[in-house]
Visitor: 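This is the structure I have questions about; it appears just below.
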Amino acid sequence: MLNLLPDYPRSLQTPHSGYHWDKSARRFFEGWYYRVTLPDCGQTFAFMYSIEDPIGGQPHSGGSAQILGPNDEYLCRTFPRVDRFWAWQHDLGIGHWGKSEQTHPPDYLDPEVFKHQVAEGYQGTATLNQGALFEPGSGQSAAWHYEIKPVYGWGDVNRPQQSTAGWLSQFQIFEPGWQILMAHGLATGWVDWNGDRYEFADAPAYGEKNWGGAFPQKWFWLNCNAFEDEPDLALTAGGGRRGVLWWMESVALVGLHYRGKFYEFVPWNAQVHWEIHPWGNWRMWAQQADYEIELTATTDRPGTMLRAPTAAGLIFACRDTMRGTLTLELRERGQRILQAQSALCGLEVGGEPWQEVWRSQA
């Protein structure tokens with residue numbers, strides 16, 4: 001499939017970019033997340049694609065496409081036919097056809113062919129995100145087509161890219177798996193949201209994925225690559241309580257790309273602490289041999305409930321906003337080397353209902 005991505009810098013492809021399903025009948029899901037932020041108007045579009053039990057014939061078999069749009073508005077469509085889903089095994093390439101004139105097995109289409117022959121569905125690669133959705137009951141609709149120039153994968157630019165959860169994530173030990181596919185990129189194209197057209201050039205873009213046959217009990221997430229006066233800065237941080245073989249563990253990490261360098265704070269090289277409220281406040285801090293980082297994020301917005309794959313299928317299980325306020329400070333041997341702010345931070349909590357503040361460390 002490499003000929004379909006002629007301008008993609010192969011050095012930025014991360015591990016786990018390809019599809020993980022092994023064609024077995026075990027409970028399985030895989031999900032992909034594309035996002036583009038428009039600093040000029042203060043809005044964000046987050047696209048969430050998923051497939052569950054792709055063998056078909058199971059209670060939760062099927063796919064979905066969700067969009068968190070302007071002002072945290074929400075649109076979702078499900079695609080029950082798993083035979084209309086496709087994915088590449090070794091590269092990032094996915095798609096699901098809902099209403100389509102195509103009769104052959106699904107696969108990547110030239111964007112112009114997709115536009116005219118797939119009335120509802122999506123397709124995405126490392127350099128493209130395209131699709132259309134329509135909700136008959138409400139009349140809500142969305143269409144989108146933008147190209148992506150990757151800037152950062154997950155790791156230093158001139159070194160092999162890293163597995164977000166470490167090299168052991170290639171084994172079926174830690175589930176679900178999590179991989180940042182593109183910590184930062186530049187998107188050019190358009191989104192039509194209920195008739196309002198948003199056009200953009202070199203807007204901050206982001207991508208990640210998760211997969212597996214088990215589901216975390218609860219989790220949190222902070223993400224931003226649209227900082228004030230810092231165009232070459234991208235942050236992803238998060239944590240959760242997940243299964244490891246026959247026990248549960250709490251894990252978290254902070255990853256920062258800044259001016260070509262990757263700063264990674266993970267349990268095997270740092271102490272990572274967090275204090276996450278049921279909603280409205282996120283705080284993380286981490287220390288390693290030479291560096292320290294501190295994150296504080298807040299929101300007074302109510303957030304939007306999103307669906308997520310769970311043991312009970314695709315259900316409302318997390319709350320998000322793309323309008324969080326974030327402050328970030330990075331120090332080297334006690335000396336501050338970066339302080340940054342944003343009012344366009346993505347924030348999420350998910351999983352079991354939270355009744356109290358979650359304080360922990362990894």
Visitor: Within the 3.5 Å criterion, strictly below it, is a donor on Gln66 or Tyr74 matched to an acceptor on the partner's side chain?
Guide: yes
Visitor: So among Tyr108, Trp97, Tyr49, Phe47, which one has a ring pair (Phe, Tyr, Trp, His ring centres under 6.0 Å) with Tyr122?
Guide: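 Among the candidates, only Tyr49 passes.
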Visitor: Is it true that Glu294 and Arg283 have a side-chain N and a carboxylate O under 4.0 angstrom from each other?
Guide: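 Answer for the salt bridge query: yes.
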Visitor: When hydrophobic residues are tied together by side-chain contacts of less than 4.5 Å, even through go-betweens, does Ile67 share a cluster with Phe85?
Guide: yes
Visitor: Parallel, tilted or perpendicular for Tyr263 and Tyr258, by the 30°/60° rule?
Guide: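 Because their plane-to-plane angle lies in the 30° to 60° range, the rings of Tyr263 and Tyr258 count as tilted.
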Visitor: Does the distance from a Lys or Arg side-chain N to an Asp or Glu carboxylate O, for Arg301 and Asp72, drop under 4.0 Å?
Guide: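 Salt bridge flag = yes for Asp72 with Arg301.
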Visitor: Is a side-chain donor-acceptor pair under 3.5 Å present for Asp53 with His60?
Guide: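 Checked: His60/Asp53 side chains show no N/O donor-acceptor pair below 3.5 Å.
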Visitor: Side-chain donor-acceptor pair under 3.5 Å between Thr78 and Ser64, yes or no?
Guide: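 On atom types as modelled, these side chains do not qualify, holding no pair under 3.5 Å.
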Visitor: With a 3.5 Å cut-off and no angle check, do the side chains of Gln287 and Glu292 form a donor-acceptor pair?
Guide: no
Visitor: Could you check, using the six-membered ring where one of them is a Trp, whether Phe265 and Tyr291 have ring centers closer than 6.0 angstrom?
Guide: no
Visitor: Centroid-to-centroid, His257 to Trp154, below 6.0 Å?
Guide: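 Yes, they do, as the ring centres are separated by less than 6.0 Å.
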Visitor: Which heavy atom of Ala126 sits nearest a heavy atom of Pro150, and at what distance?
Guide: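 Answer, listing the atom of Ala126 first, then Pro150: O-CG, 3.9 Å.
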Visitor: State whether a side-chain donor-acceptor pair under 3.5 Å links Gln179 with Thr164.
Guide: yes
Visitor: Of all heavy-atom pairs between Glu348 and Asp320, which one has the smallest distance, and what is that distance?
Guide: OE1-OD1, 2.6 Å
Visitor: Would a line drawn from the ring center of His16 to the ring center of Trp32 be shorter than 6.0 Å?
Guide: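 His16 vs Trp32: aromatic centres not under 6.0 Å.
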Visitor: Pick from Trp86, Phe79, Phe114: which one makes a ring pair (Phe, Tyr, Trp, His ring centres under 6.0 Å) with His96?
Guide: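 When ring pair (Phe, Tyr, Trp, His ring centres under 6.0 Å) is applied between His96 and each of Trp86, Phe79, Phe114, only Phe79 qualifies.
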Visitor: Using the ring of each side chain (for Trp, its six-membered ring), is Trp274 parallel, tilted or perpendicular to Phe220, with breaks at 30° and 60°?
Guide: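 Aromatic pair Trp274/Phe220 classed tilted.
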Visitor: Quick one: do Phe262 and Val254 end up in the same hydrophobic cluster if we chain Ile, Leu, Val, Met, Phe, Trp and Tyr together by side-chain heavy atoms under 4.5 Å apart?
Guide: no
Visitor: Can you tell me how far the OG1 atom of Thr188 sits from the CD1 atom of Ile148, to the nearest 0.5 Å?
Guide: 10.0 Å
Visitor: Tell me whether the centres of the aromatic rings in Tyr198 and Phe45 are closer together than 6.0 Å.
Guide: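 Yes, close enough.
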Visitor: If we only count heavy atoms from C-beta on, is the Gln288 to Glu264 side-chain gap below 4.5 Å?
Guide: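 No; the side chains remain at least 4.5 Å from each other.
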Visitor: Count I, L, V, M, F, W, Y as connected when their side-chain heavy atoms are under 4.5 Å apart, and connections chain through other members. Are Val113 and Leu128 then in the same cluster?
Guide: yes
Visitor: Please determine whether residues Met284 and Trp219 belong to a single hydrophobic cluster, defined as Ile, Leu, Val, Met, Phe, Trp and Tyr linked transitively by side-chain heavy-atom distances below 4.5 Å.
Guide: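 No; tracing contacts between hydrophobic side chains, which count when under 4.5 Å, never links both residues.
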Visitor: Any idea how Trp21 and Tyr19 line up, ring-wise: parallel (<30°), tilted (30 to 60°), or perpendicular (>60°)?
Guide: tilted
Visitor: Taking the six-membered ring for Trp, are Tyr33 and Tyr206 parallel (under 30°), tilted (30 to 60°) or perpendicular (over 60°)?
Guide: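 Aromatic pair Tyr33/Tyr206 classed perpendicular.
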Visitor: Does either side chain, that of Asp192 or that of Trp144, offer a donor lying less than 3.5 Å from an acceptor on the other one?
Guide: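 No - no donor-acceptor pair under 3.5 Å links their side chains.
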Visitor: Among side-chain atoms of Trp193 and Gln43, is any donor-acceptor pair under 3.5 angstrom?
Guide: no
Visitor: Does NZ or CZ of Lys209 come closer than 6.0 Å to the centre of the six-membered ring of Trp178, within 45° of the ring's axis?
Guide: no
Visitor: Honestly curious: do Leu344 and Val36 fall in one hydrophobic cluster under the side-chain, below-4.5 Å linking rule?
Guide: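 Leu344 and Val36: separate clusters.
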